[in-house]
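Predicted model only: the values in this text are computed from it and were never measured. Every chain is numbered from 1, with letters handed out A, B, ... down the list of sequences.
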Amino acid sequence: MELDLFARRSDYQWEIPPHGAMRVPGVIYADETLIRAMDHKVYEQTVNVACLPGIVRAAYVMPDAHWGYGFPIGGVAAFDPDEGGVVSAGGVGFDISCGVRCLHTGLTRDDILRVQKPLADRLFQCIPAGVGSSGAIRLDSQEMDAMLAGGAKWAVERGWGEPADLERIEEGGRMKGARPAAVSQQAKKRQRDEMGTLGSGNHYLEIQEVVAIYDRPAAAAFGLIEGATVIMVHCGSRGLGHQIGTEFLKQMAIAAADHGIILPDRELACAPIQSPLGQEYLGAMRAGINCALANRQILTQLVRQVFAELLPAARLSLLYDVSHNTCKVETHRVDGRMRELYVHRKGATRAFGPGHPDLPETLRASGQPVLIGGSMGTGSYILRGVAESEELAFASACHGAGRAMSRHRAQHTWHGRQVIDDLAARGILIRSPTQRGVAEEAPDAYKDVGAVVDAAEAAGLARKVARVAPLICVKG
DNA sequence: ATGTTC
């Protein structure tokens, strides 16, 4: 994008002053290189979001942003229900509550390398991955509703995990206010045998080594030391979330005129928070959040089983589990008063600073772990929430590297086999059901995650704690 | 992201 579209507030903050139907400014956090490389669509979509009723303060955009359905991926927008604020299915994204979970292993890099190949093979055998993959679990309609209401807590109660896991998951592992009855039979049917599956696209399960520490006290609080290994699971609510998103987008688009909402783009379909449709979506979306939390919990248990078999000394415990596709009710200070807002984060991670009451006591002093999944083979980052992010972006940060190239173009640029061989030569084992998927996810199809994270830090959204590098990647 | 185009 051309820099003259923006008022430059700092080297890392670019404002789109309100014009036309914009109710608030747009604010993009990025360095000059990242913002120049962003598609012009990000600008258009940010302007459009800023036009929506009841939006508070600004439409924010994270440094990893790229264009998405209606809202940019990497967008944060908060709405006030008392000022006509809306909830938008496109503002959450199709993969409701897609997120990242990070587990300690209690093992070193050398422990992993000793069994690297059998571990990769066994994880690939035991973790269902790919489009339409199904798991070993079948849910009848009663259990489906229990899962949609109970999230990871439901999973732990059924034996998938340990009660201690729950305190390191957002919302204690169970999103309140879910309405399983608001989820269609079709969505439930699609999910019936998809629990405990990774999915496809950018979803993955990685074994990673801690290769750099930037913030010693926070790393100590997070239990991260150089040479230690962690596991990151990146996945979401599978077919159920997608079905909910599809159905509500359609309904919101049809109902917009009845709600007196003029949509600058049909893809921005939304409904007033205080409308029956808005409430119905929120109930279904929260059920989708529980589905994703339960899914990551079951996957955790599958990974634990593999480790118990090959590395019995391992002790898999949660660092944290945080979603990056949600709409959540949060209290934020705006113009000197506390307001209850509906914060959409689409491809953006919640990043509560130190002292936030929603953080578990063991993490309260350091701030929330912010889990940033990089592209395959390039490494990922663990950051922590900071106080400044509250004012800057309702306590949010980036979520990953962000695509730099379309899937289509990536497919025609690389061969999956070559990508796998190149990474193997660097000691990284990839296992995937599809060569095409690997080509689409080639490291160079993404932005430089290091540059994204540095921009997020320089902008004041979060602080770097550690960098991790992959040893094994099971790719959806 | 996605029973990869109801």
Do the side chains of Ile127(A) and Val306(A) get nearer than 4.5 Å, heavy atoms only?
-> no
Could you state the CG-P distance from Leu198(A) to dT4(B), rounded to the nearest angstrom?
-> 18 Å
Given dT2(B), is OP1 or OP2 found less than 4.0 Å from the side-chain N or O atoms of Arg238(A)?
-> yes
With a 4.0 Å cut-off on heavy atoms, is Gly236(A) in touch with a base, just the backbone sugar-phosphate, or nothing at all?
-> nothing
Which whole-number value in Å describes the distance from Phe94(A) CZ to dT4(B) C1'?
-> 13 Å
At under 4.0 Å between heavy atoms, what does Gly199(A) touch on the DNA or RNA strands: base, sugar-phosphate, or nothing?
-> sugar-phosphate
Taking NZ, NE, NH1 and NH2 as the nitrogens, is one of them in Arg417(A) or Asp421(A) under 4.0 Å from a carboxylate oxygen of the other?
-> yes
Short side-chain N/O contact from Ser200(A) to OP1 or OP2 of dT2(B), under 4.0 Å = yes
Toward the 5' end of DNA chain B, by each residue's nearest nucleotide, Arg403(A) or Lys250(A) | Arg403(A)
By salt bridge (Lys or Arg N to Asp or Glu O under 4.0 Å), Glu280(A) pairs with (sequence neighbours left out) Arg179(A)
Pairs of donor and acceptor atoms involving the side chains of residues 33-41 of chain A, under 3.5 Å and at least two apart or interchain, shall be tabulated with distances.
| from | atom 1 | to | atom 2 | distance (Å) |
| --- | --- | --- | --- | --- |
| Arg36(A) | NH2 | Glu32(A) | OE2 | 3.1 |
| Asp39(A) | OD1 | Lys41(A) | N | 2.8 |

Using a 4.0 Å heavy-atom cut-off across all strands, classify Arg436(A) as base, sugar-phosphate, or nothing.
-> base
